[in-house]
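These figures come from a predicted structure and were not determined experimentally. Lettering follows sequence order; numbering is per chain, from 1. Values below: every heavy atom of this structure, side chains too, minus hydrogens, waters and symmetry copies.
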Number of protein chains: 2
Amino acid sequence: MSAMQKKNSAKTQKGDQTKALILETALAMFQERGYEQTTMRAIAEKANLSLGNAYYYFPSKDHLIQAFYHRTHEQHLAASLPALEKERTLKARLLTVMRLKIETINPYHKFAAALFKTAANPTSPLNPFSDDSDPVRQESIQLFAQVIEGSKSHIPKDLLAELPYLLWVYHMGIILFWIHDSSQQHRRTYRLVNHTVDLLDKLITLASNPLMRPLRKQALRLVDELRDAAQDSNDDR
Amino acid sequence: MSAMQKKNSAKTQKGDQTKALILETALAMFQERGYEQTTMRAIAEKANLSLGNAYYYFPSKDHLIQAFYHRTHEQHLAASLPALEKERTLKARLLTVMRLKIETINPYHKFAAALFKTAANPTSPLNPFSDDSDPVRQESIQLFAQVIEGSKSHIPKDLLAELPYLLWVYHMGIILFWIHDSSQQHRRTYRLVNHTVDLLDKLITLASNPLMRPLRKQALRLVDELRDAAQDSNDDR
């Protein structure tokens, strides 16, 4: 490594640290005061940075949340990949990934409830279905594609094309349940994951049956229709 | 009718008129300014009533919204019952009721968007799944029970017990879509209703097949689990 490269690398490291510091500070403050009530100025002050410096890393509060989504996904991915190597059935693989997702986000439970008030609105850029959330959404869908690809299940092409997206939507449903789950250690969410993964596995087998082809095609057209509607309403903004 | 009865009846009529006036005034103001931003005081002023008088009819803003839900349901019921007499298949009956629902609520589209910001929160008493919304919810579920009862479909007992509730949940999903549907005359919502009613009809037939019994039982247990969780989180409040 040249001296120049070393210097740049040191600079990047420093930058990463500052970025992480801002993100941690912001998450703690959002959790305490709520998302809407926390300003970038207050975050910068608390992190002992100039406002300009904070804005350099995160042009807006929305960027902080997208960074949070991104970091959570990276953590989930890092936990999932080695665990997936041990599992071969679709059911076990999906169960593994879903449980690890809940474990990854558990520390942010209180923050998620504060965020929900803003992100639940379909017109919010923080909504998981929004254009702004597209990069993280695509990465997360990609993980569900890996869940399917590494399994022994035989799934017809038409369903295979949509299944990663459908599993991602299912996983958003579980997160919605988790946000409002006040049971001890979120036991209820884990129970729901067990139950729904088992049911989904059976439904996927059923839907893959050649006799189910017409019904499956129709259901997949509905998925298309709903996604188109969501896309158009994003475009309208 | 005795003089006393006449007097009481006139009094009730006057009361109903005042109640309707307050409700109309409130809905218009919620639509204009948003639900949170409109106070009972402002509503009373606009309706030319004392604040005490307004509170006599509606102890809180929440009561106004529940009255709105109730009135909308009554209108929907009045339109549905005669229309249902002409239809015998489950598909045609469900389609009729769903289309009439959208027609009933269409005049409140802008207001519904304003209300959604508050009512989408599962902890809000205005949420359709909340305890406070229970009376209207039960009435609405009852209408879906009539949709099924009057049809020629043979549906197994276990599914029959849950189907009115499930159709009600489905109809809430359609309303959610409608709230965010900005297409001309909500054409997209009507298309979605056509498509989903057709699909639901086929799914109900499939689920009623004796071969599907184990999977059906499992799916119905999941419905139970989700409803219990919703109920417990209501009780926690």
Side-chain angles (χ1 to χ4, degrees), chain A residues 36 113-114 116-124 127 129 173-174 176-183 186-189 191-207 209 211-212 214-226 228-230 232-237, chain B residues 36 113-114 116-124 127 129 173-174 176-183 186-189 191-207 209 211-212 214-226 228-230 232-237:
Chain A
E36 305 286 355
F116 176 75
K117 288 184 177 54
T118 302
N121 194 326
T123 62
S124 164
N127 187 285
F129 292 83
I174 296 290
L176 181 66
F177 185 92
W178 167 84
I179 288 176
H180 302 293
D181 177 11
S182 55
S183 65
H186 311 118
R187 253 182 243 159
R188 257 196 152 126
T189 301
R191 206 168 62 201
L192 184 66
V193 165
N194 291 344
H195 197 155
T196 47
V197 165
D198 188 49
L199 192 58
L200 269 178
D201 183 52
K202 287 173 183 162
L203 285 174
I204 292 166
T205 305
L206 177 65
N209 188 308
L211 286 172
M212 290 294 146
L215 194 56
R216 183 176 77 228
K217 292 268 178 210
Q218 194 182 347
L220 290 171
R221 271 201 307 280
L222 177 63
V223 174
D224 248 7
E225 198 174 319
L226 288 171
D228 279 1
D232 285 1
S233 95
N234 280 338
D235 293 347
D236 281 353
R237 265 162 232 153
Chain B
E36 304 286 356
F116 176 75
K117 289 184 175 52
T118 302
N121 194 325
T123 63
S124 164
N127 187 286
F129 291 84
I174 295 290
L176 181 66
F177 185 92
W178 166 83
I179 288 176
H180 303 291
D181 177 11
S182 55
S183 65
H186 313 119
R187 251 182 245 160
R188 259 197 150 124
T189 301
R191 206 168 63 202
L192 185 66
V193 165
N194 292 343
H195 196 155
T196 47
V197 164
D198 188 50
L199 192 57
L200 269 177
D201 182 54
K202 286 175 183 161
L203 285 174
I204 292 167
T205 305
L206 177 64
N209 188 308
L211 286 173
M212 288 296 148
L215 194 57
R216 184 177 76 228
K217 291 269 178 209
Q218 194 182 348
L220 290 172
R221 271 201 305 281
L222 176 64
V223 174
D224 247 5
E225 198 174 321
L226 289 170
D228 279 0
D232 285 2
S233 95
N234 279 341
D235 293 346
D236 282 355
R237 266 163 231 151

query = What pair of heavy atoms forms the shortest contact from B/Gln218 to A/His195, and how long is it?
reply = O-NE2, 3.4 Å
ask   = Are any of the side-chain heavy atoms of B/Asp228 and A/Arg188 separated by less than 4.5 Å?
value = yes
task = Sort A/Leu206 into side chain, backbone, both or neither according to what part of it lies under 4.5 angstrom from a heavy atom of chain B.
result = side chain
query = Taking atom CZ of B/Phe177 and atom CD of A/Glu225, what is their separation to the nearest 0.5 Å?
reply = 7.0 Å
query = Who wins among A/Thr196, A/Leu203, A/Leu199 for the most heavy-atom pairs under 4.5 Å with chain B?
reply = A/Leu199
note = Rounding to 0.5 Å, atoms CG (B/Leu215) and NZ (A/Lys202) come to a distance of 7.0 Å
inquiry  = Report which part of A/Asp181 has an atom under 4.5 Å of a heavy atom belonging to chain B: side chain, backbone, both, or neither.
reply    = neither
